[in-house]
Amino acid sequence: MKKNTILGFGVLLLLQSCVKNPLSGPDDTYAFRMPDYFPEPTYTFANNPITREGFTLGKKLFNDPLLSSDNSIACSNCHVKSVAFTDPQHRLSLGVDERAGIRNAPSIVNMAFMPEFFWDGGVNHLDFVAINAIENPLEMNEKLGHVIAKLNDDPDYPALFRQTFGIQDTITSPYFLHALSQYMLLLVSDRSKYDMVQQNKATFTAAEFAGQSVFENKCSSCHPAPLFTTYDYTNNGLDTAFEDLGRGRITEATMDQGKFKIPTLRNVALTSPYMHDGRFKTLDAVLEHYDQHMVLSPSLDPLFLQSDPPGIRLTADEKEQLKAFLQTLTDYELLKDPIF
Amino acid sequence: MNRIKIINSLLFLPLILLTGCKKEEVVDTKQPGTVEIEFDNIALINNVPIQLQLASPGSTEYPYENAMGQQFNINLLRYFISKIELTGPNGESFTDPVSAAAAGTKGYYLIDESDVNSQFVQLKDVPAGTYTKLTFTLGVDVDGVQEGAVGGILDPATNHMFWNWNSGYIAVKMEGQSDASNGGVSGTETLEGGSDHGIAYHVGGWKDIPNSAFVYNNKRMSFDFDVDLKVERLEQPHVHMYFDVLKLFSGVNSVDFTGNHNIHKPIDGVPVAENMEHAFQYDHIHQ
């Protein structure tokens with residue numbers, strides 16, 4: 001009895017230290033960790049505790065084209081590890097039969113902290129995101145029920161799900177969705193140079209430091225540290241009329257037409273092309289947009305109207321400094337990490 | 001794995017102890033019983049309840065008529081009932097436990113016209129006593145949606161009641177056909193392939209965002225019994241409820257099949273949602 005209690009507490013202590021201390025030993029590779037300056041996660045971990053087996057199964061699923069209707073496309077085709085889990089090739093993502101989607105694939109790091117998913121926020125929980133990707137005719141063009149049937153017919157998956165989740169019978173969708181979430185949840189991007197500076201393990205160069213203060217003055221009301229987004233929906237002046245209504249497609253409110261979820265800027269140096277439709281290839285083009293090319297529309301964020309013409313004026317120096325700062329948000333450790 | 005089991009048993013130990021104590025203190029000799037609620041789907045025509053008949057998709061036989069005199073048939077009818085409660089005059093109260101997890105759900109019931117068994121809901125462990133009122137929610141509320149992927153009756157891969165583009169569960173799903181409709185329905189189970197006269201009413205919505213297409217369309221409703229429902233150990237009382245499908249289209253709002261008959265989002269479902277709480281009716285109790 002006594003032994004058990006000690007063991008039990010040991011596990012508890014282990015779990016707690018995992019959350020707080022990002023460098024606590026080799027045993028917590030598959031524990032959810034984050035630095036203390038990150039906000040509370042939004043994910044419902046109590047319903048889906050991360051385990052080594054669950055994460056590994058999620059990784060296998062994430063890379064498996066079995067999830068698409070013609071077994072041709074995996075999640076990892078559009079969310080490519082080397083570029084922070086975005087799609088470097090396609091302005092608009094390409095699904096089965098080379099069908100072009102309507103939007104650019106966003107990075108899927110730090111999903112544990114996101115309150116609503118997709119550029120328009122239509123999905124309220126990470127577990128449900130995969131259903132959308134699978135059932136979208138422009139992406140994987142499959143039916144969730146059919147994917148589950150394919151998994152049950154597979155020579156390997158049924159045993160893997162039984163081992164992972166301790167289930168007795170056939171694979172059901174919540175376990176499949178939980179495994180995918182476990183993989184994505186551990187994609188916490190917190191090892192960039194910016195983070196090392198926060199943790200007093202590195203220092204900014206003069207240009208990076210100058211860039212940080214330009215950023216804090218001109219960008220951080222929408223892209224605040226540490227996640228570099230408020231997750232709000234707003235319009236940063238890309239268009240006068242909207243082919244894609246964005247948030248307005250979900251809420252149907254006129255004032256939401258042309259608003260999109262503010263994207264994170266973590267790893268932004270690698271996540272080209274930029275914006276919901278991938279219209280800008282380079283960060284220079286993005287900064288030019290904020291400086292010179294913003295256009296008016298009814299839902300344009302009022303912050304940009306403080307300047308005339310609307311936008312955020314940036315000098316050539318400020319642009320270089322901003323770019324230097326944005327480079328510090330690249331998390332090479334995450335992208336090199338062999339567990340992903 | 002082993003460690004987790006140890007924690008579990010440690011956690012349960014005090015519970016077992018506690019419940020153990022409680023039982024000895026209880027003096028009431030009456031034991032809890034089971035109550036069955038039948039959700040009987042009907043069409044009330046000239047005040048006579050007619051058993052619902054599902055038509056095969058594409059059939060042009062129209063047994064029903066809406067308030068605007070438009071004839072129609074029904075291929076599919078399904079709805080979620082949750083959070084059932086029974087209450088009595090002397091403080092009797094029973095709340096059907098509700099939970100949702102990957103391993104399964106409790107307290108959510110999917111009533112499906114094509115599956116007779118689904119129309120009988122068994123409430124177990126109802127404390128002995130007299131009950132005079134039934135309360136339940138039509139639809140799945142926030143607690144069934146915010147917890148992520150769950151299994152059982154809420155499994156989105158099998159229940160066909162989940163909106164993936166705008167996550168949440170449909171409360172009432174009805175598909176059928178009427179000559180008044182000029183077709184063009186989408187996202188249906190029974191009418192895919194371009195039915196010329198299809199009607200599809202997928203009504204739901206679990207959150208309210210002012211001035212937006214998000215509206216709360218689930219309905220909580222109560223029914224008083226005309227006689228006492230007595231629960232004791234060996235009794236199996238049965239509550240017979242009617243769901244009158246014709247009332248989906250009349251009452252608060254007269255629904256016109258020549259108008260929008262392809263309903264797939266909360267805001268468009270409001271007229272039917274306002275009607276649907278009046279579609280249920282308490283009929284009788286067998287003791």
Side-chain angles (χ1 to χ4, degrees), chain A residues 1 3-5 7-12 14 43-44 46-49 51 53 116-118 120-136 143-149 163 165-167 171-178 180-181 247-256, chain B residues 1-14 99-105 142-169 186-187 189 192 205-215 264-268 270:
Chain A
M1 201 61 209
K3 215 171 168 188
N4 287 350
T5 322
L7 245 177
F9 275 117
V11 173
L12 277 180
L14 263 174
Y43 191 76
T44 46
N47 302 342
N48 183 23
T51 61
E53 293 77 13
E116 289 175 325
F117 300 84
F118 295 129
D120 54 22
V123 171
N124 74 310
H125 196 286
L126 182 62
D127 290 353
F128 298 139
V129 168
I131 308 182
N132 219 315
I134 289 168
E135 301 202 338
N136 187 335
K143 285 278 167 243
L144 179 61
H146 191 233
V147 170
I148 301 299
Q163 283 156 23
F165 293 108
I167 48 174
I171 303 166
T172 54
S173 85
Y175 295 107
F176 162 73
L177 298 170
H178 278 176
L180 278 171
S181 288
R247 184 65 176 159
R249 178 169 168 256
I250 298 296
T251 65
E252 295 190 14
T254 320
M255 59 173 193
D256 285 342
Chain B
M1 205 61 207
N2 264 331
R3 287 177 178 178
I4 291 171
K5 269 189 195 141
I6 291 165
I7 295 187
N8 273 345
S9 51
L10 274 171
L11 281 176
F12 278 122
L13 202 64
S99 67
T105 50
V142 55
D143 28 358
V145 187
Q146 293 284 66
E147 295 294 315
V150 294
I153 203 75
L154 294 182
D155 183 338
T158 53
N159 65 24
H160 305 290
M161 295 289 277
F162 188 76
W163 274 323
N164 67 37
W165 54 274
N166 181 350
S167 27
Y169 292 91
S186 58
E189 286 176 59
E192 227 58 275
W206 56 276
K207 65 178 162 188
D208 243 327
I209 303 180
N211 305 316
S212 87
F214 287 107
V215 281
H264 294 283
K265 56 192 174 199
I267 188 102
D268 289 355
V270 169

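Every chain is numbered from 1, with letters handed out A, B, ... down the list of sequences. No hydrogens, no waters, no symmetry mates; every other heavy atom, side chains included, goes into these values. Everything quoted here is computed from the prediction, not taken from an experiment.
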B:S212 side chain reached by A:D256 side chain, heavy atoms, under 4.5 Å: no
Interface check, chain B: of A:L126, A:T172, A:N124, most non-hydrogen pairs under 4.5 Å belong to A:N124
| request: Say whether, by atom type as modelled, one donor and one acceptor occur between the side chain of A:N47 and the main chain of B:E147 under 3.5 angstrom. | output: yes
Practice problem: Inspect the surroundings of CG in B:D208 and state if more than 12 heavy atoms from other residues, nucleotides or ligands are less than 6.0 Å away. | Solution: yes
The interface call for A:T251 against chain B, heavy-atom contacts under 4.5 Å, is both
When the 4.5 angstrom heavy-atom criterion is applied to B:A100 and chain A, the contacting part is neither
Taken in chain and number order and not counting sequence neighbours, the residues that satisfy ring pair (Phe, Tyr, Trp, His ring centres under 6.0 Å) with A:H125 are A:Y43, A:F128
If one checks every heavy atom of A:I250 against chain B at 4.5 Å, the contacting part turns out to be both
Taking every heavy atom of A:E252 against every heavy atom of B:I267, the minimum-distance pair comes out as OE1-CG2, 3.8 Å
N/O donor-acceptor pair under 3.5 Å between A:D127 side chain and B:A149 backbone: yes
- Message: I'd like to know if the side chain of A:N132 and the backbone of B:N164 have a donor-acceptor N/O pair within less than 3.5 Å.
- Response: yes
Tightest non-hydrogen contact, residues A:S173 and B:A157, listed as CB-CB, 3.5 Å
